[in-house]
Colleague: 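Have a look at the structure that comes next, please.
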Amino acid sequence: MHEAEPAKTAKSLQTKGKIMQEFLELITGKYWEKITVKEVCSAAGITRSTFYQYFSDIYDLMGQIEEQPLSQLDAYYMTAGRSSGAMRPHMDFEKDFDCAAPPALRFWFEYCGSHREQMRVLLCENSDPYFTVKVRGMLETYVNRMMDGDGMPRDELRTHFIKAFVELHFM
């Protein structure tokens, strides 16, 4: 009986993933709150009772889909923030300038690249606008932390830089 449990778990994860994937595909053509459970079930080739084994409604489905990237990004940045150590002294721009992206930003680019389709859909106009607000806020927080770690002053210039930086990622 123990051997059947991993197979059942794998099938369960596969079914849940299929439901999520089909929902994301439906979002590309229709505002997410207008998609019905019936449409998701039809697209995924499942019954309504199967849908309700995994999700209580469309809002729960969207919440679980959004939770994955938010928690993965947050976990990375929380770990990166703890391991970055003490604040570095203000750098000598001429001597210490490095045009390579800091590790935290490389992670952002790599994450978005490896989850391109999911992020594209979650950030599209048919998706939950609050997700975009959350991701923008996270990115602002993490860029601020990186700048603090580099000893950059918290001034008006920083505020404008961060706003421009974040906006460039959501164009």
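Note that these values count all heavy atoms, side chains included, but never hydrogens, waters or copies made by symmetry.
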Colleague: Taking everything shown except K30 itself, do over 12 heavy atoms lie less than 6.0 Å from its NZ?
Modeller: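 Counting neighbours around NZ of K30, more than 12 heavy atoms of other residues, nucleotides or ligands fall under 6.0 Å, so yes.
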Colleague: Is it true that F55 and L13 fall in one hydrophobic cluster, defined by side-chain heavy atoms closer than 4.5 Å?
Modeller: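 No, separate clusters.
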Colleague: Using 0.5 Å steps for rounding, measure from the CD atom of E67 to the CG atom of D74.
Modeller: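 Here the interatomic distance stands at 9.0 Å.
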Colleague: Do side-chain atoms of S42 reach the backbone of K38 as a donor and acceptor pair under 3.5 angstrom?
Modeller: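 No; zero donor-acceptor contacts below 3.5 Å.
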Colleague: What verdict does the side-chain contact (heavy atoms from CB on, under 4.5 Å) test give for V40 and I19, after you've listed the backbone C-alpha separation in whole Å, the side-chain angles of each residue and the deciding distance to 0.1 Å?
Modeller: CA-CA 7 Å; V40 174; I19 295 167; 3.8 Å; yes
Colleague: Any side-chain heavy atom of D155 within less than 4.5 Å of one from H160?
Modeller: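 Sidechains of H160 and D155: no contact.
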Colleague: CD of Q118 to CG of L123: how many Å apart, nearest 0.5 Å?
Modeller: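 Those atoms lie 9.5 Å apart.
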Colleague: Would you say that V143 contacts M147 through its side chain, given a criterion of any heavy-atom pair below 4.5 Å between the two side chains?
Modeller: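 A side-chain contact exists here, since the closest heavy-atom pair is under 4.5 Å.
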Colleague: Is the closest side-chain heavy-atom distance between L70 and F131 below 4.5 Å?
Modeller: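 Answer yes - side chains close enough.
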Colleague: Does R154 have more than 12 heavy atoms from other residues, nucleotides or ligands lying within 6.0 Å of its CZ?
Modeller: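 Enclosed: over 12 neighbouring heavy atoms sit under 6.0 Å from CZ of R154.
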Colleague: Could you tell me which non-hydrogen atom of I162 sits nearest to which non-hydrogen atom of E140, and how far apart they are?
Modeller: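 Looks like CG2-CG, 3.8 Å.
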Colleague: With side-chain contact (heavy atoms from CB on, under 4.5 Å) as the criterion, how do L61 and Y54 come out once you've worked through the C-alpha distance, each side chain's angles and the decisive distance to 0.1 Å?
Modeller: CA-CA 8 Å; L61 170 57; Y54 302 99; over 6 Å; no
Colleague: Quick check for you: to the nearest 0.5 Å, what is the distance between K16 atom NZ and F51 atom CZ?
Modeller: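 Spacing of NZ (K16) from CZ (F51) equals 11.0 Å.
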Colleague: Does this structure show an ion pair linking R158 with D148, if we count only N-O contacts that are shorter than 4.0 Å?
Modeller: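 Looking at R158 and D148, the cut-off is met.
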Colleague: Enter the distance from E25:CD to E117:CD here, rounded to the nearest 0.5 Å.
Modeller: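 The distance works out to 8.0 Å.
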Colleague: Can you name the closest pair of heavy atoms from I27 and C124 and give their distance?
Modeller: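 Smallest interatomic distance, heavy atoms only, reads CG2-SG, 3.9 Å.
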Colleague: Work out which heavy atom in T36 is nearest to a heavy atom in E39; give both atom names and the distance.
Modeller: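 Smallest heavy-atom distance, with atoms named: N-OE1, 2.7 Å.
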Colleague: Applying side-chain contact (heavy atoms from CB on, under 4.5 Å) between W32 and each of V121, N126, I58, I65, report the one that passes.
Modeller: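 With W32 as partner, side-chain contact (heavy atoms from CB on, under 4.5 Å) holds for just one option, I58.
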Colleague: Decide whether E125 and Y31 meet the rule of one side-chain donor and one side-chain acceptor closer than 3.5 Å.
Modeller: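 Looking only at side-chain atoms, Y31 and E125 do not form any donor-acceptor pair under 3.5 Å.
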Colleague: Indicate whether any N or O donor in one side chain lies under 3.5 Å from an N or O acceptor in the other, for D60 and Q64.
Modeller: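 Looking only at side-chain atoms, Q64 and D60 do form a donor-acceptor pair, the distance falling under 3.5 Å.
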Colleague: So, for M119 and P69, which heavy atoms are closest and what is the spacing to 0.1 Å?
Modeller: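 Looking at all heavy atoms of both residues, the shortest contact is SD-CB, 4.0 Å.
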Colleague: Looking only at heavy atoms, which two atoms of K18 and A44 are closest? And how far apart?
Modeller: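 Answer, listing the atom of K18 first, then A44: CE-O, 3.9 Å.
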Colleague: Is the shortest heavy-atom distance from the side chain of V37 to the side chain of F23 under 4.5 Å?
Modeller: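 No, every pair of side-chain atoms sits at 4.5 Å or beyond.
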Colleague: Tell me, please, which residues at least two apart from Q72 pass side chain to side chain donor-acceptor pair (under 3.5 Å).
Modeller: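 Applying side chain to side chain donor-acceptor pair (under 3.5 Å) to Q72 gives Y111.
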Colleague: Does any non-hydrogen side-chain atom of R136 lie less than 4.5 Å from one of E167?
Modeller: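 E167 vs R136: side chains touch.
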Colleague: Hey, what do you get for CD (Q68) to NE2 (H115), rounding to the nearest 0.5 Å?
Modeller: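 Between atom CD of Q68 and atom NE2 of H115 there are 5.5 Å.
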Colleague: Closer than 3.5 angstrom, by distance alone: can the side chain of S56 be matched with the main-chain N or O of Y52 as a donor-acceptor pair?
Modeller: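 Such a contact is absent between S56 side chain and Y52 backbone.
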Colleague: How far does CE of M62 sit from CE of M20, to the nearest 0.5 angstrom?
Modeller: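 Here the interatomic distance stands at 11.0 Å.
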Colleague: Donor-acceptor pair, T15 side chain versus K11 backbone, under 3.5 Å?
Modeller: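 Yes, the answer is positive, given that a donor and an acceptor are paired below the 3.5 Å cut-off.
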